[in-house]
Amino acid sequence: MSSRSDSPSLHSSDFALKHPDQSRFWSAYDEDQTEKDDSAMKTYTNKRRELLETLNSLHSTGVQNELDLPQIVVVGSQSVGKSSLIESMSGIKLPRDTGTCTRSGFQQFLPYGPSWTCTVTLRFHVDTEDKPLPEVREVAFGPKLSDKDEVEKVLRRAQRAILRSTLDTSMFLNDEDLRTRGHPAQTFSQNCICIRVSGPNVPDLYFYDLPGIIANVGEAGNEQDIALVENLAKSFIDRPNCIILLVISCETDFENQGAGRLVLRNPEMKKRTVGVLTKVDRIEHGGEQKWVDLVQGKENALVNGWFCVKQPDPRQLRSGISWEDAKVAEKAFFERTSPWMHLETRFRRRLGSPGLAEKLSGILSALVSQRLPDIQAEISKQLRFVNEELVDLPAPNLADPKAEVIRLLRDFDRKLAVLVEGNQVDSTELSIGSLMYSINQVFTRFKHAIFATTPHFLPWSSQREIDDELKTDLMKTATQFDEEGGWTLDDPNIYHLEDVMDLASRSRTRELPGNYPFLVKKKLIAETVVTWKALAAKCLDEIHELLDDHVKTVITDHFKKHILGGLQDAVISIATDEIQKRFQNTLEQITSLCNSEHTPYTQNDHYFYAYKSKLLGVYKEVYRRSRKEQGIVSSLQGFVPNMRPNEENQQKLFDNITAALTHLTVLGYQGLTATDLTKLLPEDENSPALEIMAEVRAYFQVAYKRFSDNVPKQIDTDFIRGTDRDVDFALMSMDLGHEQCAMWLQEDPDEVHRREDLVGKKKRLEAAKDKLGSVVRTARVGSSV
């Protein structure tokens, strides 16, 4: 079927699905559409009822505290005829009094039913301080009614029950509350009275009637009620999914009516407002045109337009006019009364309560259909956020606090073990990365600092004039086995040939010629390792600070929910004490290692001799080159086997070197090279100094390797891993008595209240999620039409 054959309400829902833009959605109600056939209309009507049932179910969960649910809200100033308007649509009589008669919200659900019935329910979703309850409390107020005349009396009692919510609701059913002192009544309440009226002639409608906007209060009134009622209205109509039914009385200028000012000055609200004019029979003679201009959209035009209704006058009310007769009288009034009878057909459709009810039902059902998937998604989203927040809060007080504290301590111990093993602790953000990464950085700096104490032996006299180019080349050769460079001739650890020779000469006592005491080498070694103790202590200090910071960070994160009771501080105190004890113990071990290095010793003979041999050859070469005695040395170093030179004067030298190497091989010296023959060159008076240099530098290499391994290993074993063991033992030795554990787990009152709020919100959201069920998958107004 084409869209031109859709009913007005059905057409509005189709438009809403195709055009989600809200400003166009509110105008998506084409009153020029013809009715569909009976089958299509029946299908549409059933779908609309399902949607309104779903909406009613959602509101019953109290989830409107968290979500902006679609709803129609009736707003009007005091005594503009709101109650009469609602009576004209629902067919029931509401309580009437002089002045303000509505002091709580009336939620009315008007579904179709085979026979007329009415049920009244009290819905409490806030406490006496207007704070949301964890769960909405709905109380059936009296039995199901089948007599319309009983409704007004029940609603009066229900409103008293809402305003005195501290009394048992059953007391109001027989007016026992009127004889009960104390329990003062609220002036207004955010809780509401839910009225469900079903019958064959009700208009499939769902709306919320607010107390009328008041401009002043009597002598016994409370001035604060003026702002209270207005703020209550704003809390509803400010929501984007609120359809505003603005009730304006024709008895006075609408500019003077508070509800009109509240709504009509807001362009966004006007897009979702349906205006209705009441008391049109009381317009002063000659003043009809300004109200006609509203209906025709010439003044204060609304996207959804203005409607007019005619309620029974006081005489008809006193005579007890029936709802059905009131409908007939309303229709006759607009058909026979000028200027209404002369309006164009499209505007005459806006006259009378049946057209208004149909308009409202169509808009609301279409909006519900459009919003249901979004509501379901929003419920799921908010549930995720609520669950995440609940996880971050401490667990509520437990029956066995000792078991909970032990669990917390064990979990922390596992995190500490992961930390010292070198892995990051889950959910703990540390700006300096993992602990072991930072510790390894310290160890690397320590190793560089130890190597920086290397004695740099220069096997030439500082007094000898050597050009800069040669000096640079000699330095490069002399230090070719160093692992790290970067030092210069200004380095304090430099020893020239005469420095070593002078120390050796001054150390001699009764040694034979050419021999020098071991004390010379020991003194040079001692000068090298003298700073190692301070460097090791600095390394341990840095790691102490790192470990302390990281452990405190893990404790702070792990016990962040248990600050008030002192558990977090208790664990920090224990951990800090154990770390300090471990630090002192490890410092003693490190000091012992440093002291042992003052006396030269090694069992690493192979590495020592190999390094000394290489260095001695290099030092001798550099020494001779510094004295420009490098002729034979250069020849030996430049010798290439099996490549006999062409020059005749070089051929003999080549043959002699080859012969020497051959004879040595025959004698059992395998693998020798021409360079090795430099060791056979004759010694001079400085040879002992070269020997000392090579031996001290070789020993440094052995000791440096050993010390830069042993200190980190000692720190890792004794301090880092030892802290893990000691903290675990100390925590399990804490006072874990019931009272102590209960004190540790006590909660911050703010967190208790926060949890209660979150638990209540979770219950409301879960109830709404359950109510939705499979509705979102199937409830699309007109989707199957």
Ring center gap for H59 and F109 short of 6.0 angstrom: no
From CA spacing to verdict: salt bridge (charged side-chain N to carboxylate O under 4.0 Å, His left out), R371, D374: CA-CA 5 Å; R371 285 285 295 132; D374 295 334; 3.3 Å; yes
V120 vs V151, side chain to side chain contact (heavy atoms under 4.5 Å, CB included): CA-CA, chis, key distance, verdict: CA-CA 9 Å; V120 178; V151 175; 5.6 Å; no
Backbone N/O of S365 and side chain of S369: donor-acceptor pair under 3.5 Å: no
Atom NZ of K298 with >12 non-hydrogen neighbours under 6.0 angstrom: no
Heavy-atom side-chain contact between V274 and F307 under 4.5 Å: yes
V126 side chain near K131 side chain, heavy-atom distance below 4.5 Å: no
Heavy-atom closest pair, residues N191 and S104: O-CB, 3.7 Å
Pair L246-L264, side chain to side chain contact (heavy atoms under 4.5 Å, CB included): steps then yes or no: CA-CA 9 Å; L246 176 61; L264 298 178; 3.8 Å; yes
Salt bridge present between R754 and D757 (N-O < 4.0 angstrom): no
pair D204-Y112: side-chain heavy atoms closer than 4.5 Å: yes
Reported CH2-to-CD distance for the pair W306 and Q296, which is rounded to 0.5 angstrom: 14.0 Å
Candidate pair V74 and V247, rule side chain to side chain contact (heavy atoms under 4.5 Å, CB included), full reasoning: CA-CA 7 Å; V74 185; V247 183; 3.7 Å; yes
From Q64 atom CD to N241 atom CG, the distance as rounded to the nearest 0.5 Å: 13.0 Å
Non-hydrogen atoms of V197 and P111 that approach each other most closely: O-CD, 3.1 Å
Test item: V309 and E330 side chains (from C-beta on) under 4.5 Å apart, heavy atoms: yes
Atom pair CG (L360) and CD1 (I72), whose distance is rounded to the nearest 0.5 Å: 4.5 Å
Test log, rule salt bridge (charged side-chain N to carboxylate O under 4.0 Å, His left out), inputs D175 and R160: CA-CA 10 Å; D175 295 333; R160 297 204 310 268; 2.8 Å; yes
Salt bridge (charged side-chain N to carboxylate O under 4.0 Å, His left out): pairs with one or both residues in residues 61-70, sequence neighbours excluded: E66-R764
R157 to F172 six-membered ring, cation-pi geometry met (6.0 Å, 45°): no
Check: V63 main-chain N/O paired with H125 side-chain donor or acceptor under 3.5 Å: no
Identified side-chain contact (heavy atoms from CB on, under 4.5 Å) partner of I244 from the options L262, V75, N304: V75
More than 12 heavy atoms from other groups under 6.0 Å of NZ on K331: no
Pairwise distance SG(C308) to CG(D281) - rounded to 0.5 angstrom: 11.0 Å
Exercise: identify the closest heavy-atom pair between F236 and L232: CD1-O, 3.2 Å
Side-chain donor/acceptor of S249 to backbone N/O of E251, under 3.5 Å: yes
N/O donor-acceptor pair under 3.5 Å between W323 side chain and E87 backbone: yes
Over all atoms of both residues, closest heavy-atom pair of A329 and Q316: CB-NE2, 4.2 Å
Exam field: side chain T54 to backbone E50, donor-acceptor pair closer than 3.5 Å: yes
Distance, nearest 0.5 Å, that separates OG1 of T166 from CD of Q186: 8.5 Å
E324, CD: over 12 other non-hydrogen atoms inside 6.0 angstrom: yes
Backbone N/O of L294 and side chain of N300: donor-acceptor pair under 3.5 Å: no
Residue pair I379 / L383, side-chain heavy-atom distance below 4.5 Å: yes
Reported CG-to-CD distance for the pair L210 and Q190, which is rounded to 0.5 angstrom: 10.5 Å
Any donor-acceptor pair under 3.5 Å from R164 side chain to Q159 backbone: no
Short side-chain donor-acceptor distance under 3.5 Å, T252 and Q257: yes
Sidechain-backbone polar pair: S77 side chain, G258 backbone, donor-acceptor under 3.5 Å: yes
Check: S146/T117 side-chain N/O donor and acceptor closer than 3.5 Å: no
A227 backbone acceptor or donor facing N231 side chain under 3.5 Å: yes
Pair D177, T180: side-chain N/O donor-acceptor within cut-off below 3.5 Å: no
Residue pair K310 / K279, side-chain heavy-atom distance below 4.5 Å: no
Exceeds 12 heavy-atom contacts within 6.0 angstrom, atom NZ of K769: no
4.5 Å side-chain heavy-atom contact, E152 and L94: no
Qualifying salt bridge (charged side-chain N to carboxylate O under 4.0 Å, His left out) pairs, either residue in residues 136-147, two or more places apart: R123-E138
Side chain to side chain contact (heavy atoms under 4.5 Å, CB included) evaluation trace for F333 with V280: CA-CA 10 Å; F333 174 83; V280 293; 3.6 Å; yes
Note, L364 side chain near P70 side chain (heavy atom, < 4.5 Å): yes
NZ/NE/NH1/NH2 to OD/OE distance under 4.0 Å, E53 and R196: yes
Test item: side-chain donor near acceptor, Y208 and Q108, under 3.5 Å: no
For the student: nearest non-hydrogen atoms of A158 and I193, plus distance: C-CD1, 3.7 Å
For the student: nearest non-hydrogen atoms of A259 and I213, plus distance: CB-CG1, 4.0 Å
